[in-house]
**Q** 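Next up is a structure, given as structure tokens.
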Number of protein chains: 2
Amino acid sequence: MSELLYYDLKDSAGVAPGLATQVCRELGRRIVAGHFPEGSLIDDENKLCTRFGVSKSVVREAIKLLVGKGLLEVRRGSGTRVRRRASWNLLDDDVLAWHQGIEPKPEFLRQLMDVRQMVEPNAAGWAAKTATPEQIEDIRNAQHDMEQAASIQDFVVADALFHRSVLRAANNEVLIALEGVIFSALLSSIKVTNSDPRENKRSLPLHRQVLKAIEAHDSEGASSAMREHLADTYERLAGALPDFNAKRGAKLQGE
Amino acid sequence: MSELLYYDLKDSAGVAPGLATQVCRELGRRIVAGHFPEGSLIDDENKLCTRFGVSKSVVREAIKLLVGKGLLEVRRGSGTRVRRRASWNLLDDDVLAWHQGIEPKPEFLRQLMDVRQMVEPNAAGWAAKTATPEQIEDIRNAQHDMEQAASIQDFVVADALFHRSVLRAANNEVLIALEGVIFSALLSSIKVTNSDPRENKRSLPLHRQVLKAIEAHDSEGASSAMREHLADTYERLAGALPDFNAKRGAKLQGE
DNA sequence: ACAAATAAAACATCAGATGTTTAGTATCTC
DNA sequence: GAGATACTAAACATCTGATGTTTTATTTGT
């Protein structure tokens, strides 16, 4: 699987990132990958400067970016330490994207999927009520692209665009901010159940059904079609990942 | 209503914020308040330095923080501009908190409440399945504090802690990241329906019901009790705010 | 042992110099 | 006069080094 990134679907300006952004990404990826225990000190500014071969201002700006995402906590005189994972802005697009760089953890993927199952049926239902003709057109186009996709690459991109269009059609700003979660879960899922392109085609009828319901302004229908589609995905993940559903309802060890 | 802030409920280190953080907040608040049109250039680094009376490094770090939250976009040679609202990390705790500084917009509050209605019944249902004894204890304590609250202040804090405890008891990291949304909606709601303390007490039985259901590991019961409570809140908001439900299902003007 | 003074480490801020990119303007060519 | 080129000013990016403040650890004195 090639290097499909979330940014590929974002309308971000394609400007080359500065040094601060690069250092931020590098550190961010390592933190998310778990290279540092929670609460541990990271190297001080000077060490980071020499390690990355940049000046102090660059390092400080990179650290500020990570502080803003909740990954780091800086204490004057003491040092900079990694915050508890519970304090991270897990919904930040960058933080989610950095999770893509590591082996998907079944437990985390299940949590993402649980959230998808909570969010998307509602979004589809609302979309059926409030979508504008243009928004419906976007969904239709994405659905069409899924049908016509030649490569698995194209299919995934179209799939992502489909779900994004539905989310946006719900016309709820807060909901749209959850786009990254849907995309991240979708990417991880593909990574896991990658095997057979024909397998993916199985989801086409359900997508078609979601589209039809939204076109018909059938809120209930859109919800349940989306629910069914996600339940199907859920099943396939559970089949592919042994530990996918392991901790469900049996959280024993202390927090 | 006094200056109750989200941070009051956060386990953040109570360290005095540096200059960069202060500048960031000041700018962030103004942006969120809508003082700048989308896409407009803000003052350049030098002007910001003189305006805030700080050095360039401080300004640059502040801007980096805002870039990380999606509010600003910096282009070398060109300038720094405010991004479209759709690109903001609306789920970022700071961005949500800055919304508290301005008059709550009915449309936005409704969107927050829609998301709460989507999230919290599910969370309560999951909590009923997976909550540990300690987590249930936390919920119980918050519920008890609501009953005993002497001031409206105390009541709001206890209310917030109740909903936070339930959210955390669902044992889903991604869900926990939505804490800020719940808190923000709750604060805005209080601001709107502030009038009568006795009015707030009305929600006590429903909170009690949620607690009971979770204690009994009754997932369905917890869900529906929470759903009922939120529907009630929703009604009160709709009654208090004329435009609360205005745009629902009638999104006419272009994006 | 306990407490106060001290020293070292680490972040915070400032100031200024230099490089790069962008956007706009002027100019030159045909 | 239209279009391409060259110049210039504005604005961000990066580096350097100096100075201040806070925290932590150590030393020292009784």
Side-chain angles (χ1 to χ4, degrees), chain A residues 11-28 30-31 36-83 87 94, chain B residues 11-28 30-31 36-83 87 94:
Chain A
D11 23 35
S12 68
V15 288
L19 291 180
T21 307
Q22 291 178 45
V23 172
C24 167
R25 280 187 194 164
E26 187 60 34
L27 274 176
R30 285 190 209 175
I31 293 171
F36 307 91
E38 299 189 346
S40 68
L41 288 170
I42 66 172
D43 287 348
D44 63 65
E45 291 178 349
N46 287 326
K47 285 219 186 82
L48 290 175
C49 287
T50 59
R51 165 171 331 165
F52 288 108
V54 295
S55 75
K56 200 175 42 181
S57 23
V58 169
V59 166
R60 282 184 57 82
E61 285 172 18
I63 286 178
K64 272 287 183 302
L65 282 168
L66 292 168
V67 168
K69 297 179 188 307
L71 268 57
L72 291 179
E73 177 186 17
V74 179
R75 270 190 292 201
R76 183 174 183 155
S78 169
T80 300
R81 59 191 71 225
V82 178
R83 294 227 282 167
S87 301
D94 291 315
Chain B
D11 23 35
S12 68
V15 287
L19 290 181
T21 306
Q22 292 178 43
V23 172
C24 166
R25 280 186 194 165
E26 188 59 33
L27 275 176
R30 286 190 209 175
I31 294 171
F36 307 90
E38 299 189 345
S40 68
L41 288 169
I42 66 171
D43 287 348
D44 62 64
E45 291 177 349
N46 287 326
K47 284 218 187 83
L48 290 175
C49 288
T50 59
R51 165 170 331 162
F52 289 108
V54 296
S55 76
K56 202 172 43 178
S57 21
V58 169
V59 165
R60 282 185 57 82
E61 286 171 19
I63 287 178
K64 272 286 184 301
L65 282 168
L66 291 168
V67 168
K69 297 178 189 305
L71 268 57
L72 291 179
E73 178 186 15
V74 179
R75 270 190 291 196
R76 183 177 185 153
S78 169
T80 300
R81 57 191 72 226
V82 178
R83 293 227 282 167
S87 300
D94 290 316

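Convention: sequence-line order gives letters A, B, ...; per-chain numbering from 1.
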**Q** With K69(B), which residues qualify under salt bridge (charged side-chain N to carboxylate O under 4.0 Å, His left out), at least two apart?
**A** D92(B), D94(B)

**Q** Who passes salt bridge (charged side-chain N to carboxylate O under 4.0 Å, His left out) against R76(B), sequence neighbours left out?
**A** none

**Q** Distance check needed: dT13(C) P versus F52(B) CZ, whole Å only.
**A** 14 Å

**Q** Which residues pass the salt bridge (charged side-chain N to carboxylate O under 4.0 Å, His left out) test with R51(B), not counting sequence neighbours?
**A** D43(B)

**Q** What residues form a salt bridge (charged side-chain N to carboxylate O under 4.0 Å, His left out) with K56(B), not counting sequence neighbours?
**A** none

**Q** Who pairs with E38(A) by side-chain hydrogen bond (donor to acceptor under 3.5 Å, both in side chains), at least two apart in sequence or on another chain?
**A** none

**Q** So if I define the base as every atom that isn't primed, P, OP1 or OP2, how would nucleotides 8-20 of chain D read as a B/S/- string at a heavy-atom cutoff under 4.0 Å?
**A** --BBSSBBBBB-B

**Q** Write down the distance between CG (L41(B)) and P (dG24(C)), rounded to a whole number of angstrom.
**A** 10 Å

